[in-house]
There are 2 protein chains.
Amino acid sequence: MKRYTVSEVARMSGVSVRTLHYYDQIGLLRPAEQGGNGYRYYGREELLRLQQILFYRELKFPLEDVRRILAAPDFDRAEALRAHRARLAEEAENYRRLLQTIDRTLADLNGDGTMSDDDIFYGLNSPRQKEYETWLVDRFGDGMQEKIDESRAKLQAAGGDPKIQAAMGEAQDINADLAAAMKKGLPVDSEETQAAVHRHYQWVTTFWTPDRESYAGLGQLYLEHPDFRKFYDTPGRDGLAAYLAEAMAVYAERTLA
Amino acid sequence: MKRYTVSEVARMSGVSVRTLHYYDQIGLLRPAEQGGNGYRYYGREELLRLQQILFYRELKFPLEDVRRILAAPDFDRAEALRAHRARLAEEAENYRRLLQTIDRTLADLNGDGTMSDDDIFYGLNSPRQKEYETWLVDRFGDGMQEKIDESRAKLQAAGGDPKIQAAMGEAQDINADLAAAMKKGLPVDSEETQAAVHRHYQWVTTFWTPDRESYAGLGQLYLEHPDFRKFYDTPGRDGLAAYLAEAMAVYAERTLA
DNA sequence: CTTGACCCTGACGCCGCGTGATAGGCCAGA
DNA sequence: TCTGGCCTATCACGCGGCGTCAGGGTCAAG
């Protein structure tokens, strides 16, 4: 039975020796045996346990929780993961908001680098209400009014510009493709799904050209805001918004700058 | 000149008294004066400085950096923000990956709540972890991918929150009502149409409570922007977005503040 | 036996405060 | 003027997850 010293385990697992000491100290990972010289020796079993620990650590579980989860084999890991997922999702959302705040602030910075107090606080701590408004303004600009007035006549007079009708039809098509891919159980990074997302991206570029982050953000928006989500999560297509959001994230990461 | 005690400042700004003590201690926010009794008294200027501090704190700047930024008025805040933005973006991206890892893991969880070692490490991605993954693959083989793909179906089959499903269904219903009204040739200010719009307004208030102008603006957005319009202008319902937009404008003017 | 690379324990530091403990100040009512 | 109740102050420990010395023992090769 092979035994590993701290530095060997450290090299294999990527953690520091100090971390192994610490994990021993808090009772998270005890060495298989500790010889008369006080040296820690780990076996295969401990390596496997360490893997699990690192998995949960990566997901930002507190080590104390990790200890509890691993201590009880009958513990409902799925439930723990789901609960934790919710917290992570909040954090992710929070980071997204912070990025927007920075972007707005940068946009509002005057040439001399000063910023007004109004600017600096806009969008902070806003109860979820403001968030939606912010999104709309961010995405579609606030010169909306004029553009709308201007284009209104055309759209309404003709009872529908054929070009626009085509665009709407395209959106329906893409949606159908995505729904089909999801129902087939294809992973979000499958070729077919990504092809559909590519069509979606092309479609989006007719009115907006998002970069990597924005496009992934758009996917989140589809998922998180009912006013978008209603288009995707229709009866018989439950979970499509989530599916699309993930697929868009993958697409963004792989293809966009 | 008005002076505020610690608890007053705390109440106004939302930070704790302890935080004010701490900011004094580290030289981040000194009170305007400290009377013979040792009490801290803050003036308007300090309040404004606190605002700035909280802005940067919210963005997760280390307090030491905040101090430096505020200390030098000629400091390039824009540059600092841009640099910081990059870090935040990385973090945001990281959280997104963690969510995906959790989703994959949940999909792979067996009914009894155990998870296989293959599953448990998939998706870890820090540079150091890459080595670790390699090590894992060496040890456990690389038949992981198929299993992951295969199990994704389960996740999607699981369905979603019934509350959300209900909200999505409501949106569909409202849409059907509106389409019916339009096809009957009812004017936008007809009772039936306005009733449907009212339902729509109620639906919107589950995530946002717009005032008159905002609600009318939302209608225009539905019309102007393909990403919304695609939900309304479906085949056989051409012009519904325009119809709804006008009906919403009427509703807003008549009923909202 | 020496050398150098390992191993140990113990302790402090980090950051942004929360949470006491202990002691004194301020102001209104009796 | 005294009392009580609520302010204020400072000092100090604690959290999490280790990094980073300091000071000393151990192991294996030459």
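By convention in this document, chain letters (A, B, ...) are assigned in the order of the sequence lines, proteins followed by strands, and residues within each chain are numbered from 1.
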Original post:
Reading nucleotides 12-28 of chain D 5' to 3', which nucleotides get B (base under 4.0 Å from a protein heavy atom), which S (sugar-phosphate only), which -?
Top reply: B----BBBB----BBS-
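Between the CG atom of B/Leu54 and the C1' atom of C/dC17 there is a distance of 14 Å, rounded to whole Å. Counting to the nearest Å, the P atom of C/dC7 and the OH atom of A/Tyr42 are 10 Å from each other. Atom CD of A/Gln34 is separated from atom P of C/dC7 by 13 Å (rounded to the nearest Å). As a whole-Å value, the separation of B/Leu20 CG from C/dG16 P is 15 Å. Residue B/Glu8 contributes atom CD, which lies 15 Å from atom P of C/dC26 at whole-angstrom precision. Atom-to-atom, CD of B/Glu33 to P of D/dA9 comes out at 13 Å; the value is rounded to the nearest Å. Here C/dC7 presents its P atom at 12 Å from CZ of A/Arg3, a figure rounded to the nearest Å. What separates CZ of A/Arg40 from P of C/dC6 is a distance of 17 Å, to the nearest Å.
By the side chain to side chain donor-acceptor pair (under 3.5 Å) test, B/Asp65 is found to be paired with B/Arg68, residues two or more places apart in sequence or in another chain being considered. Remark: A/Tyr232 pairs with B/Lys230 by the side chain to side chain donor-acceptor pair (under 3.5 Å) rule, at least two apart or across chains.
Of the listed residues (B/Glu8, B/Glu46, B/Glu33), just one forms a side chain to side chain donor-acceptor pair (under 3.5 Å) with B/Arg3, and that residue is B/Glu33.
A/His84 and A/Phe61 have parallel rings, their planes meeting at less than 30° on a 0 to 90° scale where 60° marks the start of perpendicular. Taking the six-membered ring for Trp and thresholds of 30 and 60 degrees, A/Tyr251 and A/Tyr201 have ring planes inclined between 30 and 60 degrees apart.
Using a distance-only test at 3.5 Å, with no hydrogens or angles considered, no donor-acceptor pair links the side chain of A/Thr193 to the main chain of A/Ser190.
In this model, the phosphate group of C/dC8 is approached by a side-chain N or O of A/His21 to a distance below 4.0 Å at OP1 or OP2. OP1 and OP2 of D/dC7 both lie 4.0 Å or more from every side-chain N or O belonging to B/Thr5.
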